[in-house]
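Read through the structure below, which is laid out as structure tokens, and then see the notes.
Ligands are counted one by one from 1 in listed order, and the atoms in each one are counted from 1 as well.
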Amino acid sequence: MAFLADSLKRIKPSATIAVTDKARALKLAGRDVIGLGAGEPDFDTPDNIKEAAIKAIRDGKASKYTNVDGIMELKEAVVRKFKTENGLDYKTSQITVGTGGKQVLYNALVATLNPGDQVIIPAPYWVSYPEMVYLAGGEPVEVPTTMESGFKMKPEALERAITPKTKWVLLNSPSNPTGAAYAKAELKALTDVLVRHPDVWVLTDDMYEHLVYDDFEFFTAAQLEPRLYERTLTVNGVSKAYCMTGWRIGFAGGPEPLIKAMAVIQSQSTSNPAAVSQWASVEALNGPKDFIPKHNKIFKERRDLCVSMLNQANGIVCPKPEGAFYVFPSCAGTMGKTSPTGKKLKTDEDFVTELLEAEGVAVVQGTPFGLGPAFRISYATATSAVQEACERIQRFCGNLR
Ligand SMILES: Cc1ncc(COP(=O)(O)O)c(C=O)c1O
């Protein structure tokens, strides 16, 4: 009898973590490696947030268990955030707080999926979505998009993917891995479809809401289409915009019965997210936000640098995304060519492996995100490193025969 559960056979380990580990091992071996794999800001958590955490520890507020799905002060801060930033009215009883956006998404899926239930996931997608759906016993249904359509799902494609078994449609804008974000009219076209399907729920992952460039205006589904409010879970968190990936706080607003069910899952698995992180997040949400536009100015410069330099690399085509801190270029033009070590590039995995070997640049292949041959670059690292990495990619592509 096998010791490990059958459910493990259905899921893959994270490709983004795999590439980060490989780059770290090469670095330890003394190689000059530029890592563009990790999906987290290079900026440190702002000082006011750190100070609030230190104060919470000193005041003895971090020592004990808290309410399972978040302290009231944080739920109140989340209610204010949704009201002022998204025009969404939630009561504190409609708010849940978990250990990162990741746990919140996972709780939602575990709390709702029965075997055979389908979750529509536009591709490319964040690597964890299909695996979480599998772990929760459901079936991911991918809806492919193309680079030409800006990696955005068309309403007709959404309509076609909906079946009597569809429980959720998962939206992620701005997107990991493409950075693509739905403009108001594009999102409205999708919510118009969803209004006609009253049994389908909307799981919207707005983690990169604040990371948008060129005056892009962010909208979330329930804000744009109030008729979806009763069947939408609006997920967000402090990880990306507030440079708090290590603190592990995510949250969501939604219908009370769902929020309660998610708290039951959390109560029997991890209990409350770290108390100190919750107090830090209260300050993040209630405190000054002037660092966000400052960071965005730097992110935008890096995005523009990547797009311009990668489009000058032989065989690479790099669209300009609206947000997040990723670009998702196609490397189709390099397929079939031979690397300096004599390896013929047949897949995007070959491309990223040879790039790491030849030039010490760590990026993630596109296929695990649901579209290839392509690769994801996270430009959330020093601008000089981004520039150097793009120069190396240009040289690598120029040396392919
Ligand atoms: C699209 C998306 N959703 C959710 C998350 C999870 O965020 P957290 O670190 O808060 O768990 C990530 C993190 O990479 C992400 O890219």
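- Looking at Glu283, its side chain never comes within 3.5 Å of a backbone N or O of Ala280 through a donor-acceptor pair.
- Side chain of Asp348 to main chain of Thr367: a donor-acceptor pair is present (N/O by atom type, distance under 3.5 Å, no hydrogens or angles).
- The distance criterion of under 3.5 Å between nitrogen or oxygen atoms is met by Ser239 with respect to ligand 1.
- Within the structure, the closest approach of Lys240 to ligand 1 falls below 4.0 Å when heavy atoms are considered.
- Residue Thr245 places every heavy atom at 4.0 Å or more from ligand 1.
- In terms of polar-atom proximity, defined here as any N/O pair under 3.5 Å, Gly101 does make such a contact with ligand 1.
- The backbone N or O of Asn176 sits less than 3.5 Å from a side-chain atom of Asn172, completing a donor-acceptor pair.
- Arg227 places no side-chain N or O within donor-acceptor distance of the main-chain N or O of Val195, the cut-off being under 3.5 Å.
- Under a 4.0 Å heavy-atom criterion, Gln103 is not in contact with ligand 1.
- Counting heavy atoms under 4.0 Å from ligand 1, residue Tyr129 touches it through the side chain alone.
- Glu357 and Thr341 share no donor-acceptor pair across their side chains, judged by distance under 3.5 Å alone.
- Among all protein heavy atoms, the one lying closest to atom 12 (C) of ligand 1 is Trp126 CZ2, 3.5 Å.
- Annotation: the span from Ser175 atom OG to Phe151 atom CZ amounts to 8.5 Å, rounded to 0.5 Å.
- In this structure, Asn311 contributes its side chain and Cys318 its backbone to a donor-acceptor pair below 3.5 Å.
- At the top of the distance list for atom 9 (O) of ligand 1, counting protein heavy atoms only, stands Arg248 NH1, 2.8 Å.
- Of the candidates Asn236, Asn172, Asp205, Asn176, the one placing a heavy atom closest to atom 4 (C) of ligand 1 is Asp205.
- Judged by the shortest distance from any of its heavy atoms, Phe251 lies outside the 4.0 Å radius around the atoms of ligand 1.
- From the protein, the heavy atom lying nearest to atom 7 (O) of ligand 1 is Met207 CE, 3.9 Å.
- Ring-plane geometry between Tyr213 and Tyr379 is classed as tilted, the angle between the planes lying from 30 to 60 degrees on a 0 to 90 degree scale.
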